[in-house]
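Here is the structure we will look at, set down as C-alpha cells.
This one's a predicted model, so the numbers in the text were calculated from it and none came from an experiment. We name chains A, B, ... by the order of the sequence lines, and we start the count at 1 in each one.
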Number of protein chains: 4
Amino acid sequence: MLTSMSKIVNHSARRLEIADACLAVVSRAGLSGATTREIAKEAGVSHGIIAHYFNSKNDILRAALQRSYQQLAERIDANLNGLSGTAALQQAIHDALPIDEEGRIGEQIELAFWAYGLGNAELAEERWRSYTEWRRALEILIRGAQAQEHLEGPDPTLVAETIICTLDGLGAQVALYPDRITPERMFAIMDATLAGFGFVTATDI
Amino acid sequence: MLTSMSKIVNHSARRLEIADACLAVVSRAGLSGATTREIAKEAGVSHGIIAHYFNSKNDILRAALQRSYQQLAERIDANLNGLSGTAALQQAIHDALPIDEEGRIGEQIELAFWAYGLGNAELAEERWRSYTEWRRALEILIRGAQAQEHLEGPDPTLVAETIICTLDGLGAQVALYPDRITPERMFAIMDATLAGFGFVTATDI
Amino acid sequence: MLTSMSKIVNHSARRLEIADACLAVVSRAGLSGATTREIAKEAGVSHGIIAHYFNSKNDILRAALQRSYQQLAERIDANLNGLSGTAALQQAIHDALPIDEEGRIGEQIELAFWAYGLGNAELAEERWRSYTEWRRALEILIRGAQAQEHLEGPDPTLVAETIICTLDGLGAQVALYPDRITPERMFAIMDATLAGFGFVTATDI
Amino acid sequence: MLTSMSKIVNHSARRLEIADACLAVVSRAGLSGATTREIAKEAGVSHGIIAHYFNSKNDILRAALQRSYQQLAERIDANLNGLSGTAALQQAIHDALPIDEEGRIGEQIELAFWAYGLGNAELAEERWRSYTEWRRALEILIRGAQAQEHLEGPDPTLVAETIICTLDGLGAQVALYPDRITPERMFAIMDATLAGFGFVTATDI
DNA sequence: GATGAATGAGAATTCATTCAT
DNA sequence: AATGAATGAATTCTCATTCAT
C-alpha cells in the first residue's frame, strides 16, 4: 500500500487481458481486422491506453501469439496426467487436434499469425520457439511409446516432425473449411500416420 | 467480330499479366505489400486501368491464386509423362515439395493466401476447388501405386488427405523458416509417410 | 494531347500551390499549426492527395522553405536594376528588411523554420545553401561599394557575415514583436552597421 | 507556519528542478521532443505530479525560458567584477557569445523558444521582458565605455540594439550549424561591430 | 503530495476506389 | 482503352490532461 499510492492495477494482468482481447478480435475478424482500435474496444479500454501496456501493435500480436501457444501447451499437459506410452502420445495428439469450436478458432488464429510471420521476423521467431518446444515434447512421448511397444523404430525427431506437419496441415484445413472435415476423419488421419510408424493406437483395436 | 475477339483475347491476356504481377509483388513484399498501386507498377500499367480488368482488389487476388494453383498443377502434370505406379506417386509428391527458391516463394504466396482466405469466402472457395482437384489427382496415383504393389491398403482418399496435410505442413515450415529444413529432410518425411501406407519408395531402396 | 489522356494538371505547378499553401498556414498558425490536413484545406484539395505530390510532410516543408527563399531573392534582384556601389548594397539590405506586413510574415516563417531545422538535417542544409548564396551575393555588392568609395576596408566576407547576422537578429525581433520596432529604427541600425564599415549611406547625408 | 513555509520552499525548488529538466530535454531532443512525460522522467518524478507544480505544459516552458535567461544574466554579471569601460562591455559581449558546447546548447534552446513564441503570447512576453533587461544592462555598459573613450558617439540604445541583433544572428548560426563558425570568427564579427561604434577593443590592439 | 492509469483528440501516412479527361 | 488526379476513410502512434487511489 505504501509502496504504491496509484490506482491498483496489475500491469501484467492487464497486458494479458489485452492480449486475450486481441485473440478474440483475430478469431472474429481476422488479423487484418485486428486493429488497435478494435482490440481496445474488445478489451473495454480506451484506445490510447494501449500504448501504456504495449510499445507497438506488433508487441500486442506477439503477446497474443505467446498466449495462444501457452494455452495449447497447458491443455495438453493437463490431460497427460497418469498416461504413458502410446496412450500418452495419442492423447497429446488428440488434444492438439482442433476438434471443437475452440480448437477451430485457435487454428484460425494460428493460421493468421503464420502469414503475418512471413514479413515479421519477431513473430516468426516466436513461433519457431514454440515449434521447437512442441517437437521436443513430442519426441519424449514418442520415445516412451517406442519403449513400451519395443520398437526400434525410426528416429523420434523424424516422427515428431512428420506428426507436426500433418497436424499443421489438418489445422489449416479446419481453419479454412470448418465444416468440411469431421473430428473422426482427423483421428483417422492421425492414427494412420502413427500406425505408419508402428504404433498401435487405441482406435485401431 | 475479329476486332472484338482480339480485344477479348487481349483482355484476358492482360488480366493474366496483372495476376502474375500480383504474384510477383506478393512474393517480394508479402500480401500486405501487394497494393493495387504496386501491382500496377509491377505490371507496367497505370494504376487507374486496373479497374478496367478487375472489379476489385479481391478480384485480382482470386485470379492470382488461381494462377498459382494452375502453375503447380501444370508442373506436376508435365513431369508425370511415362511414369506409373509408386514412381508416379512419388514424382508428383516430390514436385509438390518446395525444394528450391521458386518452391519456397510459391509456399509463401500460398501461406499468405491461406490467411487471407480466413475472412474471405471467395478466396477460401477458390482454394477448396483446387484442394479437391489435387486430392482427386492424388487418389488416382495412389490407386495406381496400390495396384502395382498389390496392396489392399487403406482408403485412397484417406491416404491422399494425409499426404496433402503433411505436404501443407511442410510447406508452411519452408515458407516461415526457409533455411531450417533441407530438401533431404522433406523427402525423408514424405517417404516415411508413404512407407506407413505400405509404399516402398525409391529412396528406401 | 496524345501523350497524356489524363486530367490536365501541371504536377510541378500543383506542388508549388501546395508549398504556397503551406507558407500561408505557417504564417497564420505557426509551424506547429501547419498540419497536412490544414495545408490541404488551405490549398483547397483533399487531404489524401498530398501524398500524390509529396513523399512526406518534411518534403512539403522543404519545398515551402525553398519557395520562401526564392521569393526573397527575386525581390532583391528585381530592385537592383541600374544601381551600383553603395546604393546597390544599401538597396539590397533594405529589401531584405521586413518593413511591411509581408516582410514580417516572411520572417515569422523563417523563424519557424529555423527552430524546425534544429532537429532536421535536411531543412538545415536547405537553409545553409540559401545562406551561402546570400552571403556571396552580398560580398559582390560589398566589393562594388568598397571600390566606389576607394575603401581598403575590411574583408568583404566578414562584412557580409556581420550584415547577415544583424539582419537575422532584426528579423527575429520583427517576427516576435511585430509592433515594437519601426522600419526607421531598422534602417538606422543597418546604417550604423554599414557606417562602421566605412560606407556612407544615403540616409546619413 | 514553518511547515507551510518549508512546503512552499520545496514547492518552488521542485518547480525549478522541473524547469531545469525541461531545459535538459529541450537541449537533448528539441522542443518537439520535450513532452511532459519526458520532462517528468528527466526530473525523476512521476508524470502525474507535474500537474501539481504547473498548470499546463506552457507553464513549464515559460519557467524554463525564465531559467535560461536568468542563468545567462548571472553568468555575465559574475564576470563583470572589477571591469569597467570598454573592457566591461567587451567582456559582457564575449560572455554572451556561444563559444562552447554549453553556449551552443543554450542557443539551440533559445532558438527553439523563439519559434514557439510565435504562436504563444505568454512566451513572447517573457522573452520581451528579458530582452529589455538585457538591452538596459548593455546601455549602461555602453555609456561607461563611451565615457572612458571620450566618445560623443551614437545613441547607446541604438548601439545596444545593434549589438543584440548581431548577437542573436550569431546565436542562430551557431545553433543551426554548430561546426561552421569558430569562436574567433564570432569575436571578429563582434569586434568589427564595436569598432564601427568607435570602441577600440582589446583584440584590436 | 504522489502515482500511474486512463482518456480522447489529433498527428502523418496509406490505400482502394472513383472520376475527369 | 488508358491515364493519373482526386477522394475519404482507416491505421498506428503520440500526447496533454484528468482522475481514482
* With DNA chain E as reference, determine whether C:Asn58 or A:Ile49 sits nearer its 5' end, using the nearest nucleotide of each. => A:Ile49

* To do: With the side chain of B:Ala51 defined as its heavy atoms from C-beta on, choose the nearest nucleotide among F:dA6, E:dT18, F:dT12.
  => E:dT18

* How close or far is atom P of E:dT17 from atom CD1 of B:Ile39, stated in whole angstroms? -> 11 Å

* Structure fact -> The Watson-Crick or G-U wobble partner of F:dT12, with both key distances under 3.5 Å, is E:dA11

* Indicate whether the side chain of D:Arg127 and that of C:Tyr177 have a donor and an acceptor atom separated by less than 3.5 Å. => yes

* Separation of F:dC19 P from D:Ile50 CD1 (nearest whole Å) -> 18 Å

* Structure fact -> Testing E:dT17, E:dT7, F:dA16 for proximity to the side chain of D:Lys57, the answer is F:dA16

* To do: Measure from the side chain of B:Thr35, starting at C-beta and using heavy atoms only, and say which of F:dA6, E:dC15, E:dA11 lies closest.
  => E:dC15

* Within this structure, what is the CD1-to-C1' distance between A:Ile18 and E:dA6, rounded to whole angstrom? -> 11 Å

* Structure fact -> Sorted by position of nearest nucleotide on DNA chain F, 5' first, the leading residue of A:Ser32 and C:Gly48 is C:Gly48

* **Between F:dG4 (P) and C:His11 (NE2): distance, integer Å** => 11 Å

* To do: Ignoring hydrogens and angles, tell me if any N or O in the side chain of A:Asp59 forms a donor-acceptor pair with the backbone of A:Asn55 under 3.5 Å.
  => yes

* Asked: Taking atom C1' of F:dA16 as reference, at what distance in whole Å does atom CG of D:Asn55 sit?
  -> 13 Å

* Asked: To the nearest Å, how far apart are B:Arg15 CZ and F:dA1 C1'?
  -> 16 Å

* Asked: If you pin C:Arg14 and A:Thr36 to their nearest nucleotides in DNA chain F, which one's is more 5'?
  -> C:Arg14

* Candidates F:dA2, F:dC13, F:dT17 - which lies nearest the side chain of B:His52 -> F:dA2

* More 5' along DNA chain E: A:Arg37 or C:His47, using each one's nearest nucleotide? -> A:Arg37

* **Whole-Å distance separating the NZ atom of B:Lys41 from the P atom of E:dC15** => 11 Å

* For the side chain of B:Arg15 and the backbone of B:Tyr53, is there at least one donor-acceptor N/O pair under 3.5 Å apart? -> yes

* Watson-Crick or G-U wobble partner of F:dA1, both distances under 3.5 Å -> none

* Side-chain donor/acceptor of B:Gln108 to backbone N/O of B:Ser27, under 3.5 Å -> no

* To do: Would you classify D:Tyr53 as touching base, sugar-phosphate or nothing, given that sugar-phosphate means primed atoms plus P, OP1 and OP2, and contacts are heavy atoms under 4.0 Å?
  => sugar-phosphate

* To do: Find the distance between CG (D:Leu111) and CG (C:Leu111) and round it off to the nearest 0.5 Å.
  => 6.5 Å

